[in-house]
Amino acid sequence: MNPSPSTMGDIKLTYRFILLGIFSFMIFNLLFFQGTYHLAQGIYRVNDIWVLVHTFILGFLMMVVMGVMYQLIPVALLVSIYSNRLSKIQFWTYAVGVIGLLVGLWTVNTTWMAFFGTLTFTGVLLFVLNMLLSVKKLIQWNAMALIIVTAIFYLFNTVLFGLLLVLNYRFAWFPNIHDQLLYTHILFGIVGWLSSIIIGFSYKMAPMFSLAHGYSEKFSKWIYSGIQLGIILLVVGIFSHIPFFNWIGALFIVIGFVLFSYQMSEIMKHKMKSTLDIGFQVAVYAVYGSLFIIGLAIILYMFLGMSILLPFAYFFIMGWIGFSILGYLYKIVPFLYWTDKYSDKVGKEPVPMLKDLVSEKKGKIAFSLLFIGLIGNGLGIGLHFISFIWLSNTIYTLGAVYYGYLILRVFKA
Amino acid sequence: MINVEKVREILRQVYDPELGLNVVDLGLIYDIQVTENNDVYVKMTLTTPGCPLHGSITAGAESAVKSIPDVKEVKVDLVWEPAWNPNMMTEEAKKQLGR
Ligand code: HEM
């Protein structure tokens, strides 16, 4: 029933992913100061913003998500990880690939971009294989398993399109469709992969962290279908240049998000725990926040047109996706460390509770700083106000450093 | 003398680390039996299937019962039927969760 420790992923490797992820998050904050000049002008297709985006996504988010998935897949789907040796190889291939890719993107060295892009792609491919071979042993499919496997499928396609982009810079194989490849790359990465993997794991984690029972999951099919159909229609729109498909595709994705927010509120209505831990609270607010961001973007679009794109993208990636992962990580790290360190001592000697491993109050301070910084940065980008972004990103960075410190301190408990 | 009450008492020392509540007050213990030769049988469930913390809870229950002097064999059965629901918690536990 419960996977025994030997079938779980290698916990030390998960720690390594998390540590490198937190380190990248710190680097990202420094790079952000450098990137403000372009961001404030609404420019994003330049090398320093490429680096900024991929330091956050490949260096921080994906490190953390992959590391944690080696532990959560066995738990959520009751299967064992196919190979812990493969995951080690995967880690090094990916880590070296990402560092080289970032250097290549920074210096716009197309040979480096192509070489290390291929290595990063390979690192992700090994992860995808390890996951799919683990899930193959799944006995009973459910909504969550379907979403997770679909998200992994999009992860593969995201890095495949990323690879095509860097190869195109190096060899100019498909000059006519470069922009279409880029838009598809972004769509697959942000919606198909990251948003979906968060939604998928929420089905397990939200009820578990709130002790919710007896809520309805009747919309889970619609959430899934809405987002899938939306992605397909958008890809058709991107390649056919027929705006109708873009609109209808975006509409379906929005419906998926609306229903997912409803799903989350349904779980919250049935929770037995009256006060939720701060990390999980943040992840729940991120869900409602995603709706707010989308709603606001639709309204502002009618008045301001495409100029809202960049601040919207910032809020969507850093707000909805970033805060979901920052929040869950704050909750999951103590969880993993506790299991690693204390689980076989239960009933034999006094062991700490999870809440003893991490401070709620300090967490609140870190998340508040991050949140103030987030709002400030987004507004600053939207209003093209450089010195304002400098100020707000200073606040964000303070929050990030404090957050990183609090996470690392768990390992000292 | 080992009896059901004694086993229940010792199981109160086994906590769900996430909720900070013990397995007895959570209503996870479905049955306790003690034989004449001091073998102990415990039937229990968990709040959600497949949580890593929970794997340690059944093992913890076993260790706790084994720590009672004179206990011989201990068998802990993990069952999913009937499924746990919040009404199985004691009033004390509900209060601690803020309900
Ligand atoms: C093998 C891995 C990857 C490679 C080689 C790669 C490569 C690239 C390249 C070359 C661009 C710039 C294209 C241009 O402007 O012409 C780009 C943009 C972008 N990528 Fe990736 N990428 C990878 C993984 C990812 C992943 C996993 C995500 C998201 C989950 C992602 C999200 C984005 C976003 C949002 C942009 C737009 C940023 C901008 O234009 O400044 N990438 N990628």
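Worth saying up front: this structure is predicted, and the values here are computed from it rather than measured. Letters A, B, ... are given to chains in the order of the sequence lines, protein chains preceding strands, and every chain is numbered from 1.
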Is it true that atom [atom1] of [X] has more than 12 heavy atoms of other residues, nucleotides or ligands lying nearer than 6.0 Å?
X: Tyr342(A); atom1: OH; answer: yes
X: Tyr15(A); atom1: OH; answer: yes
X: Glu360(A); atom1: CD; answer: yes
X: Lys345(A); atom1: NZ; answer: yes
X: Tyr405(A); atom1: OH; answer: no

Can you check side-chain contact (heavy atoms from CB on, under 4.5 Å) on Ile57(B) and Val346(A), steps first, answer last? CA-CA 7 Å; Ile57(B) 295 174; Val346(A) 181; 5.7 Å; no
Determine, step by step, whether Glu18(B) and Lys331(A) satisfy the side-chain contact (heavy atoms from CB on, under 4.5 Å) criterion, reporting the C-alpha distance in whole Å, the side-chain angles of both residues, the deciding distance to 0.1 Å, and the verdict. CA-CA 10 Å; Glu18(B) 146 76 1; Lys331(A) 180 81 198 154; 2.9 Å; yes
Less than 4.5 Å to any heavy atom of chain B: does that hold for the side chain of Phe209(A), its backbone, both, or neither? both
Side chain / backbone / both / neither for Leu77(A) at chain B, heavy atoms under 4.5 Å: neither
Interatomic spacing from [atom1] in [X] to [atom2] in [Y] - rounded to 0.5 Å:
X: Thr47(B); Y: Met208(A); atom1: OG1; atom2: CE; value: 8.5 Å
X: Glu349(A); Y: Ser67(B); atom1: CD; atom2: OG; value: 12.0 Å
X: Asn87(B); Y: Met272(A); atom1: CG; atom2: CE; value: 7.5 Å
X: Leu211(A); Y: Trp84(B); atom1: CG; atom2: CH2; value: 4.0 Å

In terms of heavy-atom contacts, Asp16(B) and Met353(A) come closest through O-SD, 4.0 Å
